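Fair warning: this is a prediction, and the values are worked out from it, not measured in the lab. Just so it is clear, the values below take in all heavy atoms, side chains as well, and ignore hydrogens, waters and symmetry mates.
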Amino acid sequence: MRPSRIGFLLVTIGLPLVIYIGLVIWPFIQAIYYSLTDWGGFSASMNFIGLDNYTYIFGDDIFRQTLRNNIILAIVVPLLTVVLSFLLATMVTVGGSSTGAVRGLGGSSIYRIVSFFPYTIPAIVIGVIWAQIYDPSKGMLNGVLEHLPFGLGAHFASFAWLGSVSTAMPASIFVIIWGFVGFYMVLFVAAIKSIPSELYDAARIDGAGRLRSMWSVTLPMVRETVQTAYIYLGVVALDAFVYMAALNPTGGPNNSTYTISQDLYKTAFTQGHFGRASAMGVVLAVLTLAFAGIVFGVNRLIVGREK
């Protein structure tokens with residue numbers, strides 16, 4: 001191999017690989033090691049204790065609750081966000097008249113711009129804004145709902161959306177979805193725009209309606225984009241630290257919105273158990289990898305059946 005080729009490979013492959021190992025792989029290995037120690041985070045001394053940290057956290061009722069909350073978020077947030085984003089993207093691209101050229105609804109560019117606004121707002125700001133909207137005494141949501149007719153508004157007088165076990169998690173999930181629907185709608189719009197219009201014309205000739213065209217033409221052609229969006233949303237949902245900390249810093253009633261990342265932060269920086277917090281981080285990382293593996297596996301299974 002010529003020296004010039006070796007130099008090229010070192011610059012294009014070797015250097016990025018070294019950076020990736022140093023900034024991604026090595027910290028992850030360190031986290032695994034710390035999770036096997038009693039390190040307090042602010043001292044040089046640490047004792048190897050094996051799997052004691054994992055035994056402790058899985059025996060802790062609060063951690064098990066956070067694990068359940070994270071799993072709920074990982075199931076609900078990606079599913080609803082992808083479905084809503086995909087439906088909106090279909091409406092603004094190919095949801096117009098069934099005759100003539102393939103196009104979206106009238107004024108679809110306005111919908112596209114308005115729906116993208118929430119994504120331009122930082123997550124912490126979104127959380128603070130919605131915490132104020134949900135405020136039971138002076139929040140805008142209760143202020144609007146109190147004016148419902150037939151006495152229905154009386155039920156929402158000083159209703160604590162984030163203070164009730166039955167509504168705290170759904171209200172928090174709504175905020176996360178609200179913040180991401182616009183971005184993923186634009187992502188799906190770009191993918192749908194790349195589909196040849198001839199495919200929709202052929203589907204029309206065969207008598208396919210809107211739903212059939214969406215299911216048989218649009219979805220298969222943008223499946224890879226949907227898969228990528230689903231995985232990214234799953235990662236966001238499994239973390240969700242910023243949204244949950246802004247909406248309910250204490251974890252909500254009976255820890256109904258408490259997440260692993262919040263428990264990890266409290267364990268490390270409030271209680272000073274960095275080894276235990278590292279164990280929580282490893283569990284969260286494994287959960288995230290498992291989620292991505294499941295999504296890839298399901299997608300491959302669907303593609304295999306179609307073939």
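- The main-chain N or O of Ser43 is found under 3.5 Å from a side-chain atom of Trp39 such that the two form a donor-acceptor pair.
- Residue pairs satisfying the side-chain hydrogen bond (donor to acceptor under 3.5 Å, both in side chains) criterion with at least one member in residues 62-75, sequence neighbours excluded, are listed as follows: Asp61-Arg64, Gln65-Arg68, Gln65-Asn69.
- Cluster partners of Tyr258, using a side-chain heavy-atom cutoff of under 4.5 Å among ILVMFWY residues and allowing indirect links, are Ile62.
- Through direct or relayed side-chain contacts under 4.5 Å between Ile, Leu, Val, Met, Phe, Trp and Tyr, Val165 connects to no other residue.
- The closest donor-acceptor contact from the side chain of Ser137 to the backbone of Ser158 lies at 3.5 Å or more, if one exists at all.
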Could you go through residues 239-248 and list every donor-acceptor pair under 3.5 Å that involves a side-chain atom there, pairing it with any protein atom two or more places apart or in another chain?
| from | atom 1 | to | atom 2 | distance (Å) |
| --- | --- | --- | --- | --- |
| Asp239 | OD1 | Phe241 | N | 3.4 |
| Asp239 | OD1 | Ser261 | OG | 3.4 |
| Asn248 | ND2 | Leu162 | O | 3.1 |

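- For the side-chain contact (heavy atoms from CB on, under 4.5 Å) test, residues two or more places apart in sequence or in another chain that qualify with Leu141 are Ile133, Tyr134, Leu145, Trp161.
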Side-chain donor-acceptor distances from residues 277-304 under 3.5 Å, at least two apart:
| from | atom 1 | to | atom 2 | distance (Å) |
| --- | --- | --- | --- | --- |
| Ser278 | OG | Phe274 | O | 2.8 |
| Thr288 | OG1 | Leu284 | O | 2.8 |
| Asn299 | ND2 | Gln227 | OE1 | 2.7 |

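- With sequence neighbours left out, the side-chain contact (heavy atoms from CB on, under 4.5 Å) criterion links Ser164 to Ser166, Thr167.
- Residues that satisfy the side-chain contact (heavy atoms from CB on, under 4.5 Å) test with Ala89, not counting sequence neighbours, are Met185, Phe188, Val189, Ile192.
- Of the possible polar contacts, none joining the Thr81 side chain to the Pro78 backbone as a donor-acceptor pair under 3.5 Å is found.
- For Phe58, the ring pair (Phe, Tyr, Trp, His ring centres under 6.0 Å) partners at least two apart in sequence or on another chain are Phe63.
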Under 3.5 Å, which donor-acceptor pairs link side chains of residues 18-35 to any protein atom two or more places apart or in another chain?
| from | atom 1 | to | atom 2 | distance (Å) |
| --- | --- | --- | --- | --- |
| Ser35 | OG | Ile32 | O | 2.5 |
| Ser35 | OG | Tyr54 | OH | 2.7 |

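- With sequence neighbours left out, the side-chain contact (heavy atoms from CB on, under 4.5 Å) criterion links Pro249 to no other residue.
- For Asn47, the side chain to side chain donor-acceptor pair (under 3.5 Å) partners are Asp38, not counting sequence neighbours.
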